[in-house]
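Bear in mind the structure is a predicted one, so any value in this text is a computation, not a measurement.
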Amino acid sequence: MFTIGDFARHGRVSVRMLRHYDATGLLRPAHVDPATGYRYYTAAQLARLNRVIALKDLGFTLQQVLVILDEKVSTEELRAMLRLRRAELEAAMTAAAVRLAQVEARLRSIESEGQMPSNDVVLKSLPSVRLAELTAVAPDFDTIGPVIQPLYDELFRRLGSAGIAPSGPGVAYYEDAPDGGILIHAGVEVSAPLGEDDGLRIVDLPPVEQAATIMHRGSMETVLPTVQTLGRWIDANGFRSAGYPREINLECPDNHDEWVTELQEPVHRS
């Protein structure tokens, strides 16, 4: 048998916590010395302790944990619950990382206020481009990332099934959705006949007479300072924006921090 201190060390919990679990009936000692009141535990009780901690970490109250344990939740059921909780935590961590990147991008934009770009922006015309594309609506700018990545995954899956190979870079462009939000076009250059099949469209993106363009290096979660640099240049040079900028994915390695994307914003003279 273990003393309460030894059992706490093996279970990686505090003695105070074990006393509380005893008081609530979650984990009684295997033996209590009637003369001294010392609590003793067996190694077999580590299994119940593990379940108590796991269920508590899943968000259950101690009373709920007691009910679940008394109903003899199976090892496989507990594994399934833990897998679900792990997936929820991973999703929350991913969302938090995206949010942090957006906050850092907003901070960089604030820090660059008053700084006017000189030679970062290039004014040029854009030729017509044939794209294979899928579309979806995002509620706002903050949710574009989680919407557009699955679109591209599905786009390339469908192109592979259809035997269509991309002939150029990915091209994303945006419009205001009729019922609110942002209509996302996730596309890639192809050489294929125009048409539409189950949402997959082959379209010609029209030429643009004038576009202010700038290179963005890094993940698209950090694009805000580049977008605002482009906006300041447009305003300072007597132009007006004529729509959302296109995003041309020039380099897309696995490390998103190494992405190179050209932003192409249609403009006209004020």
Next item on the list: Identify whether the distance between the nearest side-chain nitrogen and carboxylate oxygen of Lys124 and Glu262 falls below 4.0 Å.
Entry: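 Salt bridge between Lys124 and Glu262, a charged N being under 4.0 Å from a carboxylate O: yes.
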
Checklist line | Pair Arg83 + Glu76: basic N to acidic O under 4.0 Å | finding: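 Judged by the 4.0 Å cut-off on N to carboxylate O distance, Arg83 and Glu76 do form a salt bridge.
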
Check: CG of Asp257 to OG1 of Thr222: how many Å apart, nearest 0.5 Å?
Finding: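 Asp257 CG to Thr222 OG1: 7.0 Å, rounded to 0.5 Å.
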
Item checked: Distance, nearest 0.5 Å, that separates CG of Leu263 from CG of Leu230 ->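 Atom-to-atom, Leu263:CG and Leu230:CG are 6.5 Å apart.
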
Under 4.5 Å between any side-chain heavy atoms of [X] and [Y], yes or no?
X: Pro127; Y: Pro207; answer: no
X: Phe239; Y: His268; answer: no
X: Leu183; Y: Thr135; answer: yes
X: Leu205; Y: Arg246; answer: yes
X: Val13; Y: Phe7; answer: no
X: Val267; Y: Leu123; answer: yes
X: Leu200; Y: Glu154; answer: no

Within a reach of under 6.0 Å around [atom1] of [X], are more than 12 heavy atoms found that belong to other residues, nucleotides or ligands?
X: Glu196; atom1: CD; result: yes
X: Asp197; atom1: CG; result: no
X: Asp179; atom1: CG; result: no

Shared hydrophobic cluster for [X] and [Y] (ILVMFWY, side-chain gaps under 4.5 Å):
X: Ile53; Y: Phe60; answer: yes
X: Leu66; Y: Leu55; answer: yes
X: Val208; Y: Met215; answer: no
X: Met17; Y: Val52; answer: yes

Between the side chains of [X] and [Y], is a donor N or O closer than 3.5 angstrom to an acceptor N or O?
X: Glu247; Y: Tyr174; answer: yes
X: His256; Y: Ser219; answer: no
X: Gln63; Y: Thr61; answer: no
X: Ser241; Y: Glu265; answer: yes

Margin query: Please tell me whether Phe2 and His10 form a close aromatic pair, meaning their ring centres lie under 6.0 Å apart.
Written below: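 Yes, the ring centres sit under 6.0 Å apart.
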
Output yes when a side-chain donor or acceptor of [X] lies under 3.5 Å from a complementary backbone atom of [Y], and no otherwise.
X: Arg217; Y: Glu258; result: no
X: Gln149; Y: Pro146; result: no
X: Arg232; Y: Val227; result: no
X: Ser167; Y: Val190; result: yes

